[in-house]
There are 2 protein chains.
Amino acid sequence: MVEQTQHTKGAAFRKLHQGPEILLLPNAWDVASAVLMEQAGFPAIATTSSGVALANGFPDGEHIGRSRMLEIVARIAERVKVPVSADLEGGYGPQPDDVAETIRQAIGVGVVGANIEDSAHAGNQPLVPTPLAAERVRAGASTAKATGVPFVLNARIDVYLRDARGNEAERFAETIRRAHAYRDAGADSLFIPGVSDPTTIRRLATEIGLPLNVLGAFSGRSAPPLHELQALGVRRVTLGGSLAMYGWAMVLRALAEVRSTGRFEYATHAMSNAELNRLMRETEAQRA
Amino acid sequence: MVEQTQHTKGAAFRKLHQGPEILLLPNAWDVASAVLMEQAGFPAIATTSSGVALANGFPDGEHIGRSRMLEIVARIAERVKVPVSADLEGGYGPQPDDVAETIRQAIGVGVVGANIEDSAHAGNQPLVPTPLAAERVRAGASTAKATGVPFVLNARIDVYLRDARGNEAERFAETIRRAHAYRDAGADSLFIPGVSDPTTIRRLATEIGLPLNVLGAFSGRSAPPLHELQALGVRRVTLGGSLAMYGWAMVLRALAEVRSTGRFEYATHAMSNAELNRLMRETEAQRA
């Protein structure tokens, strides 16, 4: 019964990547944000590793560790009915087996998709070398396949984000090389953060050979609007940690206003305690 | 050394309740919000039980349980240098011993203040009868005293919040009766949520015989401005779960805007990933 539900969720999630509509997939960082996104009508939800890490007191980049990250992912996945895709950073370990174990545990807590990135979390290179990165993708994809749960392994290519060497042509060529290696290793979609130029996005969408995921916003920079991204061939737009970081920024702004004006104006825009409690009781009851 | 630090924090926190300035004490619900409030210069931080519960997927009202609540409180208390006061609901059990155990564990994770409320979390009365409620305050206060850590036991009186029976004169009289009983039992301050009328607030501040804590905002209703509250005799203003609920509301609004306009405008107002990561690394290093 539970397996069937996860199977159905996974199939629905895979379908959301096949167009023609672009998939806007918001990133939750705690249970409240996930439940509220579901209530707002989003057909699927992702998590944000930076948001989850920061909320729990860790800098981004695997400091939180696999078990604590999966604990939060599990709480989110068990409380919403829509498909959940987890941002699992570099898979919490350098080897293909580490990625496989992380994907196995993630599917065990109910997710039907995951990001695995090629940023290196150890060593002195910004990125994992392509052959090893591809083996890591292969390990994750084949682990997911072996469970029988329809799954979207979203392989993240961090060339634009992390690799400052070279010029634009080299970055593009390196991105395409990695894209094809990850596709051949079994990735279902490719996430390329750090691109916002329409021409580059269109070329990526055309050449990578899998559904393209870009960031709508990253550290204050915005991508082209959603309809333009769709026209450029993008299939999935995620928001990374920007929603969490927007919420915290708005709270700081509200506190600055209270201190400068003495007034509690912000509270007229807050959600009500009663409404949120009702939502949590309802979703808790659904689960039981 | 750790004990000395907690002792110093506790003494500083007690002093913040002695005026002449009113204490604006913001309520955090996760580590990021607490760290950001500290960075914004607040001299002390409270937690919000509703915010913590909702962030973790529970309705308010002790559903989260003592150990999970204290786990979050501990993560917050270990990451900020300023004094932390924990919202500990009804103390996670009906008996005075339950409150004593909760206060003992809370001091063990580093807090120097706590709210204990007289809302009943079981049975069919809205409030714990006054004699038992006073014994619960006594158990908490004497437990704190026995540790030697200077502490602010903030006893919450929920007559205005929960007890719909009677008229205003009866509610006021019942509040004063409870105030004096909790004061005599060893409370250090009294938290009376649900009042916003200036005349009532002034009379409470005059008659309760301890520092008065009111809510600046609750479920969209605002109290008089901070300087007016100070003139009325209020010593401490907290914000309950309203900051958390404002943050979530702003995120939902941002998502609605993305869906309706296709643009990611909100992201220009988000905090930067780099800035938050730096903050977490710095506070992590301080702790180590």
Side-chain angles (χ1 to χ4, degrees), chain A residues 24 26 30-33 35-37 40 50 53-60 75 79 216-223 225-228 239 241-243 245-252 254-256 258-259 261-274 276-277 280-281 283-284, chain B residues 24 26 30-33 35-37 40 50 53-61 75 79 216-223 225-228 239 241-243 245-252 254-256 258-259 261-274 276-277 280-281 284:
Chain A
L24 174 63
D30 59 17
V31 180
S33 58
V35 167
L36 289 168
M37 287 166 186
S50 62
L54 294 165
N56 288 278
F58 299 90
D60 200 12
R75 284 191 210 161
R79 287 306 282 278
F218 181 73
S219 280
R221 280 182 303 162
S222 283
L226 213 47
H227 59 274
E228 197 177 325
L239 303 168
S242 66
L243 290 170
M245 294 173 204
Y246 175 73
W248 289 316
M250 291 300 102
V251 167
L252 281 190
L255 278 172
V258 172
R259 289 210 284 198
T261 68
R263 295 182 183 276
F264 308 97
E265 269 299 302
Y266 78 90
T268 58
H269 304 287
M271 307 199 69
S272 87
N273 205 25
L276 282 164
N277 276 327
M280 287 300 160
R281 275 193 301 271
T283 55
E284 201 174 40
Chain B
L24 174 62
D30 58 18
V31 179
S33 58
V35 167
L36 290 168
M37 287 167 188
S50 62
L54 293 165
N56 288 279
F58 299 90
D60 200 14
R75 284 192 210 161
R79 287 306 281 279
F218 181 73
S219 280
R221 279 182 302 162
S222 283
L226 213 46
H227 59 274
E228 197 177 324
L239 303 168
S242 66
L243 290 170
M245 294 173 205
Y246 176 73
W248 289 316
M250 290 301 102
V251 167
L252 281 190
L255 279 172
V258 172
R259 289 209 285 196
T261 68
R263 296 182 181 277
F264 308 97
E265 269 299 301
Y266 79 90
T268 59
H269 304 288
M271 308 199 69
S272 86
N273 205 25
L276 283 164
N277 276 327
M280 286 301 160
R281 276 194 300 270
E284 200 174 41

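The sequence lines fix the lettering, A, B, ..., with proteins before strands; numbering per chain opens at 1.
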Which atom of [X] lies closest to which atom of [Y], heavy atoms considered:
{"X": "A:Met245", "Y": "B:Ser272", "result": "SD-C, 4.1 Å"}
{"X": "A:Ala223", "Y": "B:Phe264", "result": "O-CD1, 3.9 Å"}
{"X": "A:Ala270", "Y": "B:Ser242", "result": "CB-O, 3.7 Å"}
{"X": "A:Tyr266", "Y": "B:Ala217", "result": "OH-CB, 4.0 Å"}
{"X": "B:Ala249", "Y": "A:Met271", "result": "CB-CG, 3.5 Å"}
{"X": "A:Ser50", "Y": "B:Asn273", "result": "CB-OD1, 3.7 Å"}

Measure distances from A:Leu252 to the heavy atoms of chain B and classify the residue's part below 4.5 Å as side chain, backbone, both or neither.
->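 Only the side chain of A:Leu252 comes within 4.5 Å of chain B.
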Tell me, side chain or backbone of A:Leu24 under 4.5 Å from chain B's heavy atoms, or both, or neither?
->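 Only the side chain of A:Leu24 comes within 4.5 Å of chain B.
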Sub-3.5 Å donor-acceptor pair from the side chain of B:Arg79 to the main-chain atoms of A:Gly57, do we have one?
->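 Yes: the side chain of B:Arg79 pairs with the backbone of A:Gly57.
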So which of [options] has the biggest tally of heavy-atom pairs under 4.5 Å with chain B?
{"options": "A:Asp60, A:Leu255, A:Leu239, A:Val35", "value": "A:Leu255"}
{"options": "A:Leu54, A:Asn56, A:Leu226", "value": "A:Leu54"}
{"options": "A:Leu276, A:Thr261, A:Thr268", "value": "A:Leu276"}

Within a strict 4.5 Å, meaning less than it, do heavy atoms of the B:Phe58 and A:Val31 side chains meet?
->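 They are not in side-chain contact.
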Most heavy-atom pairs under 4.5 angstrom with chain A, which of B:Glu265, B:Met250, B:Arg263, B:His227?
->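 The answer is B:Met250.
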Interface residue of largest heavy-atom contact number with chain A, from B:Leu243, B:Val258, B:Leu36, under 4.5 Å =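 Maximum pair count with chain A is reached by B:Leu243.
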